[in-house]
Amino acid sequence: MLSILIWLPIFAAIFIAVLPLNIPKDRIRLSALIFAGIVLFWNLFILLKFDISNPGMQFQEYLPWNKTLGLSYQLGVDGLSILMLVLNSLLTWIAIYSSSKETERPRLFYSMILLVSGGVAGAFLAENLLLFFLFYELELIPFYLLISIWGGEKRGYAGIKFLIYTAVSGALILATFLGMVWLSGSTNFAFDAVSTENLSIAKQIILLAGIVLGFGIKIPLIPFHTWLPDAYVEASAPIAILLGGVLAKLGTYGLLRFGLGMFPHAWSIIAPNLAIWGAVSAIYGAVIAIAQKDIKRMVAYSSIGHMGYVLLAAAASTPLALVGAVAQMFSHGIILAILFHLVGVVEAKVGTRELDKLNGLMSPIRGLPLISALLVLSGMASAGIPGLTGFIAEFIVFQGSFSVFPISTILCVVASGLTAVYFVILLNRTCFGRLDNLAYYPKVLWSEKIPALILAAFIIFLGVQPTWLVRWSESTTTTMVAAIPSLERTVISEVAVK
């Protein structure tokens, strides 16, 4: 059942790559869209069959692979990964649908997107450390090609920078996984066969540092964030959707699954530092976003801040905070996706992303009133306005983290307020203001509006029905918190208050 989410996109990628050269571009795009749609519907079927009361792995699959290496094909899904799988398949479909029908080299383009989708799904489903690493690295070259071939003017530089940073991230993670198995004396890389409980605290902290640094680059957290603005800005809008909406979630998922999940003792010790790191990232991302003149770069920097909330929640490690972390990961994914899509539409119709050159897009004279209205809605969701999914996720994170790390939580609340500042700047200069000319921009087709309307529906629905956002992860996150020693949590609380 779960293997379909991995191998159908990979098979589709191979199928599209070998299509005859005389196949029209729109037929290639339609084929990719159909395959992505099948994966999405299968994902929703699994979601409906998912037992929210079961905190463990479900729909497990096991196949021996290489006993000498301790590598097995072992899959499973729990409350930590089920929403990430849905997010991956949804944004893959959105990215393919929103791509231009005139995309050059379409067979390679859509093959790379589908290959990324299969690799990301495999990473979320893997129950073996080496298997996770293989799928984690599978997206490296496809994303590099997607940025370097179909990106902007500085696409080569952005692609190389992304490649280097992501390669370092993978090297740190692989080294840590090997260290975990060797030091624990295990001969198997399966999650349930690797235990760090018998290791000294010093060894645990060293290994955990590798996990935090490796996944911190992927998220990314400061000061490992410098690849992000270049990659997000130079990538085309559909690829930016996948970079920010899906790829970054591999980093936060890795921190929760392997950091908190496998090093509960060491995690509780370094948690105060992680909370500070999350707060600093949140403030930094918001302040830098305010200074931007390019609206796509502004959205890119906003991602750093919102990922800081996830790190804060993971550090707090209360049941409510971890539910909020998962909710924030999903909410941020769909909010960032709609923002990048709308920015891409504005750039395509107006010909610029510069705040100093944009104004009055809300006016019917411009021809972009609905796009502007959706941009306002997206900005409100990102700023945490009540009634939208962004508010629900952030509120749960702050509510669950405040009792453990009050100062860091307050700083993140301030960062959330700064989010409203830079989105007010963005919306005021792009959607409103006096018209400097009466230019009527090209009409936005309904096919270009559909991705934003779908994502907007999710933002509104999950904002008024938050149960559908949080119910999937409650059992799993509660079990994860129970593994953290109560004495350690007490120490953390005392340190935070002092």
Side-chain angles (χ1 to χ4, degrees), residues 36 87-88 90-100 103-104 109-110 112-117 120 139-140 142-163 165-166 218-220 225-251 285 288-289 292-307 329 331-350 352-354 371 374-375 378-379 381-382 422-423 426 430 448 451-452 454-455:
L87 181 67
N88 175 47
L90 172 64
L91 295 191
T92 298
W93 188 89
I94 291 289
I96 294 174
Y97 185 90
S98 62
S99 61
S100 172
T103 299
E104 296 297 326
F109 180 77
Y110 295 117
M112 292 300 99
I113 290 180
L114 290 167
L115 194 58
V116 165
S117 177
V120 170
E139 45 75 25
L140 178 60
F143 262 127
Y144 166 72
L145 295 176
L146 289 168
I147 296 171
S148 300
I149 297 176
W150 292 276
E153 294 181 0
K154 299 180 180 179
R155 57 184 180 273
Y157 170 78
I160 289 294
K161 198 170 185 179
F162 166 82
L163 186 66
Y165 272 80
T166 308
K218 182 75 78 173
I219 293 175
H225 68 285
T226 56
W227 67 266
L228 179 145
D230 295 308
Y232 284 25
V233 171
E234 295 304 323
S236 61
I239 305 310
I241 288 173
L242 295 178
L243 282 170
V246 176
L247 185 68
K249 307 309 174 292
L250 275 179
I288 297 300
Q292 301 306 309
K293 298 297 183 181
D294 182 324
I295 57 176
K296 193 174 184 181
R297 188 173 290 270
M298 181 182 289
V299 173
Y301 273 109
S302 74
S303 178
I304 298 174
H306 286 86
M307 288 295 93
M329 289 159 64
S331 296
H332 175 264
I334 60 175
I335 293 172
L336 201 67
I338 190 174
L339 284 169
F340 275 131
H341 175 72
L342 294 172
V343 169
V345 172
V346 170
E347 182 181 13
K349 302 302 178 181
V350 182
T352 183
R353 301 192 306 258
E354 296 297 323
I371 293 299
L374 291 170
L375 191 58
S378 308
S382 186
Y422 59 77
F423 272 110
L426 186 153
T430 59
E448 297 172 306
I454 293 173
L455 294 169

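Since we're looking at a predicted model, the values are computed, not measured.
- The two residues A452 and L342 make their nearest non-hydrogen contact at CB-CD2, 3.8 Å.
- Using a distance-only test at 3.5 Å, with no hydrogens or angles considered, no donor-acceptor pair links the side chain of E234 to the main chain of G151.
- Defined by atom type and a distance below 3.5 Å, a donor-acceptor pair is missing between the side-chain atoms of T166 and Y144.
- To the nearest 0.5 Å, atom CD1 of residue I219 and atom CE of residue M329 are 9.0 Å apart.
- Within the model, atoms NZ of K161 and CD1 of I147 stand 12.0 Å from one another, a figure rounded to the nearest 0.5 Å.
- Here I113 contributes atom CD1 and L91 contributes atom CG; the two are 11.5 Å apart, rounded to the nearest 0.5 Å.
- In this structure, I239 CD1 and S99 OG are separated by 8.0 Å, a value rounded to the nearest 0.5 Å.
- With hydrogens and angles ignored, the 3.5 Å screen pairs a side-chain donor or acceptor of H341 with a backbone N or O of E448.
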As a quick check of understanding, evaluate side-chain contact (heavy atoms from CB on, under 4.5 Å) for L242 and L247, giving each step before the final call. CA-CA 6 Å; L242 295 178; L247 185 68; over 6 Å; no

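- Here the shortest heavy-atom pairing between P451 and S98 reads CG-CB, 4.2 Å.
- Side-chain contact between V346 and T430: absent, with no pair of heavy atoms (C-beta onward) separated by less than 4.5 Å.
- Between the T103 side chain and the S100 main chain, a donor and an acceptor come within less than 3.5 Å of each other.
- When all heavy atoms of Y422 and M298 are compared, the pair lying nearest together is O-SD, 3.5 Å.
- Separation of atoms CZ (R297) and CG (D230) is listed at 6.0 Å; rounding is to 0.5 Å.
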Applying side-chain contact (heavy atoms from CB on, under 4.5 Å), run through T352 and E347 and close with a yes or a no. CA-CA 5 Å; T352 183; E347 182 181 13; over 6 Å; no

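- Contact record, S382 with F423: OG-CE1, 3.2 Å, taken as the closest heavy-atom pair.
- Closest approach of M307 to K249, counting heavy atoms only: CE-CE, 4.1 Å.
- Panel note: side chain S378, backbone L374; a donor-acceptor pair is recorded below 3.5 Å.
- The shortest side-chain heavy-atom distance between I241 and I338 does not fall under the 4.5 Å cut-off.
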Apply side-chain contact (heavy atoms from CB on, under 4.5 Å) to the pair T92 and V116, showing each step before the final yes or no. CA-CA 9 Å; T92 298; V116 165; over 6 Å; no

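- Checked against W227 for a ring-ring contact (aromatic ring centres under 6.0 Å, His included), the options Y157, F143, F162 give a single hit: F162.
- Counting only heavy atoms from C-beta outward, the side chains of N88 and S117 approach each other to under 4.5 Å.
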S302 vs L336, side-chain contact (heavy atoms from CB on, under 4.5 Å): CA-CA, chis, key distance, verdict: CA-CA 9 Å; S302 74; L336 201 67; 4.3 Å; yes

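- Side-chain contact check for V233 versus R353: some heavy-atom pair is nearer than 4.5 Å.
- Nearest heavy-atom pair, Y232 versus G244, reported as atom, atom and distance to 0.1 Å: OH-CA, 3.3 Å.
- Between atom CD of residue E104 and atom CZ of residue F109 there is a gap of 11.5 Å, rounded to the nearest 0.5 Å.
- The shortest side-chain heavy-atom distance between L228 and Y165 does not fall under the 4.5 Å cut-off.
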